[in-house]
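First the proteins, then the strands, lettered A, B, ... as listed; each starts at 1.
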Number of protein chains: 2
Amino acid sequence: MSENQSLFKALADPTRRQILKVLKKGSMNAGELSELFPISKGSLSHHFNLLKKADLVKTRRNGQQIIYSLNTSVFEDVTALLLDLFNAGDNVIDKEGE
Amino acid sequence: MSENQSLFKALADPTRRQILKVLKKGSMNAGELSELFPISKGSLSHHFNLLKKADLVKTRRNGQQIIYSLNTSVFEDVTALLLDLFNAGDNVIDKEGE
DNA sequence: GAGATATTTTGATATTTGTCAAAATATCAA
DNA sequence: TTGATATTTTGACAAATATCAAAATATCTC
């Protein structure tokens with residue numbers, strides 16, 4: 001799957017967007033996140049995976065816990081990509097689909 | 001489906017993003033668009049519908065033809081929404097999911 | 001009105017997706 | 001090493017999605 005595609009797919013689910021919003025306020029481990037969402041830990045882990053594949057979040061282990069945080073370094077690129085789609089501009093080079 | 005959700009869903013498909021890119025260059029009728037995409041007219045019409053529901057494109061009829069164009073008035077809102085998700089900032093009001 | 005063209009809608013189908021429960025893996029602490 | 005806790009992975013399943021062919025709708029021209 002293309003990089004773009006995994007990004008947009010990741011954003012297509014409301015739970016995943018909410019996870020990003022929560023992580024904007026600060027890192028959290030999987031268990032803490034799990035308390036905020038009314039779905040099983042397994043399902044949540046699945047969402048984490050998609051967010052990681054899209055390079056939107058990163059993880060580190062601390063003992064038994066896995067700490068999730070935004071991969072802020074990617075957010076600039078993401079913003080550029082979205083503006084490319086949405087803003088006017090001369091479309092000099094088409095970034096996707098060719 | 002929430003406004004946001006229909007927007008993100010609309011963006012989740014590569015064909016639909018490509019349609020938006022094409023329409024950025026100028027309006028087109030359904031038949032012309034159909035020549036650019038290797039899928040049936042029925043499938044394409046389905047994509048048009050989702051883009052319309054997301055308020056990303058608008059249509060007008062010209063005789064037998066339906067002309068599709070970007071709904072530019074919405075793009076500012078969309079950009080704001082995306083920046084809300086992706087950019088730093090103090091998150092004063094959470095726009096989604098509460 | 002009849003026929004032709006443009007587009008959408010419908011019905012069917014295969015694939016993808018989100019979900020759960022249960023099993024598996026990893027780490028810690030005794 | 002045994003047991004407890006944290007998280008992920010697996011397997012199954014229901015719902016959503018993209019697709020096509022065919023039927024339906026709308027407009028035009030004759």
Side-chain angles (χ1 to χ4, degrees), chain A residues 1-23 26-69 71 96-97, chain B residues 1-23 26-69 71 96-97:
Chain A
M1 184 154 60
S2 88
E3 235 176 77
N4 276 345
Q5 183 55 15
S6 56
L7 172 69
F8 281 109
K9 275 290 175 64
L11 294 177
D13 181 84
T15 297
R16 291 193 290 270
R17 292 198 302 280
Q18 204 60 40
I19 291 170
L20 292 175
K21 289 235 169 186
V22 168
L23 291 181
S27 304
M28 270 198 175
N29 63 49
E32 289 169 331
L33 281 165
S34 159
E35 287 168 21
L36 302 179
F37 295 89
I39 62 179
S40 73
K41 287 171 198 276
S43 299
L44 212 44
S45 198
H46 161 71
H47 289 307
F48 294 155
N49 262 323
L50 295 185
L51 289 170
K52 269 194 285 191
K53 272 187 191 139
D55 225 16
L56 287 166
V57 305
K58 53 186 180 184
T59 61
R60 67 188 165 86
R61 178 177 280 277
N62 184 13
Q64 284 162 284
Q65 298 168 338
I66 308 275
I67 300 173
Y68 283 86
S69 55
N71 186 4
E96 186 181 6
Chain B
M1 184 154 59
S2 88
E3 234 176 78
N4 277 345
Q5 183 56 13
S6 56
L7 172 68
F8 281 108
K9 274 292 174 65
L11 294 177
D13 181 85
T15 298
R16 291 193 290 270
R17 292 198 303 279
Q18 205 60 42
I19 291 170
L20 292 176
K21 288 234 168 188
V22 168
L23 291 181
S27 304
M28 271 198 174
N29 63 48
E32 289 169 330
L33 281 165
S34 161
E35 287 166 22
L36 301 179
F37 294 89
I39 61 179
S40 74
K41 286 170 199 278
S43 299
L44 212 44
S45 198
H46 161 71
H47 289 306
F48 294 154
N49 261 324
L50 296 185
L51 288 169
K52 269 194 286 190
K53 272 186 191 140
D55 226 17
L56 287 165
V57 304
K58 53 187 178 182
T59 59
R60 66 188 165 86
R61 179 177 280 277
N62 184 14
Q64 282 163 286
Q65 298 168 338
I66 309 276
I67 300 174
Y68 283 86
S69 54
N71 187 5
E96 186 180 4

Q: Please determine if a side-chain N or O atom of A/Asn29 lies less than 4.0 Å away from the OP1 or OP2 oxygen of D/dA6.
A: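 It does not, given that no N or O in the side chain of A/Asn29 lies less than 4.0 Å from OP1 or OP2 of D/dA6.
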Q: The criterion is side chain to side chain contact (heavy atoms under 4.5 Å, CB included); which residues satisfy it with B/Asn71, sequence neighbours excluded?
A: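 With sequence neighbours excluded, B/Asn71 shows a side chain to side chain contact (heavy atoms under 4.5 Å, CB included) to B/Asp55, B/Lys58, B/Ser73, B/Val74, given in chain and number order.
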Q: Applying side chain to side chain donor-acceptor pair (under 3.5 Å), can you list everything that pairs with B/Thr15, at least two apart in sequence or on another chain?
A: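 Partners of B/Thr15 under the side chain to side chain donor-acceptor pair (under 3.5 Å) test: none.
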Q: Can you list everything that forms a side chain to side chain contact (heavy atoms under 4.5 Å, CB included) with B/Ser34? Sequence neighbours excluded, please.
A: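 For B/Ser34, the residues satisfying side chain to side chain contact (heavy atoms under 4.5 Å, CB included) (neighbours in sequence not counted) are B/Lys41, B/Leu44.
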Q: Main chain of B/Ile67, side chain of B/Arg60: is a donor-acceptor contact present, judged purely on distance under 3.5 Å?
A: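 A pair under 3.5 Å: no.
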Q: Using whole Å, what does the distance between atom P of nucleotide D/dT8 and atom NZ of A/Lys53 come to?
A: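 Taking NZ of A/Lys53 and P of D/dT8, I get 13 Å after rounding.
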Q: Go through the structure and list residues passing side chain to side chain donor-acceptor pair (under 3.5 Å) with B/Thr59, not counting sequence neighbours.
A: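 So B/Thr59 forms no side chain to side chain donor-acceptor pair (under 3.5 Å) with any residue.
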Q: Name all residues meeting the side chain to side chain donor-acceptor pair (under 3.5 Å) criterion together with A/His46; count only those two or more places apart in sequence or in a different chain, and write none if there are none.
A: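 Result, side chain to side chain donor-acceptor pair (under 3.5 Å) vs A/His46: none returned.
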Q: Partners of A/Glu32 by side chain to side chain contact (heavy atoms under 4.5 Å, CB included), sequence neighbours excluded?
A: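 Testing A/Glu32 for side chain to side chain contact (heavy atoms under 4.5 Å, CB included), a comparison that skips the adjacent residues, returns A/Met28, A/Asn29.
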Q: So which nucleotide from D/dT8, C/dT7, C/dT9 ends up closest to the side chain of A/Ile66?
A: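 Shortest atom-to-atom distance from the side chain points to D/dT8.
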Q: Stem finding on DNA chain C, please: runs of three or more consecutive Watson-Crick or G-U wobble pairs, both distances under 3.5 Å, sorted by first number.
A: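 Runs of three or more consecutive pairs: C:1-30 with D:1-30.
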Q: Sugar-phosphate means primed atoms, P, OP1 and OP2; the rest is base. With that split, encode nucleotides 11-25 of chain D 5' to 3' as B, S or - using protein heavy atoms under 4.0 Å.
A: ------SSBB-----
Q: How is B/Tyr68 classified with respect to the nucleic acid when contacts are heavy atoms under 4.0 Å: base, sugar-phosphate, or nothing?
A: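 The residue B/Tyr68 makes sugar-phosphate contact but no base contact.
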Q: For B/Ser69, what residues pass the side chain to side chain donor-acceptor pair (under 3.5 Å) criterion, not counting sequence neighbours?
A: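 Counting only residues at least two positions away or on another chain, B/Ser69 forms no side chain to side chain donor-acceptor pair (under 3.5 Å).
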Q: Give me the distances for all protein-to-nucleotides 27-30 of chain D N/O pairs that come in under 3.5 Å?
A:
residue : atom : partner : partner atom : Å
D/dT27  : O2   : B/Gln64 : NE2          : 3.1

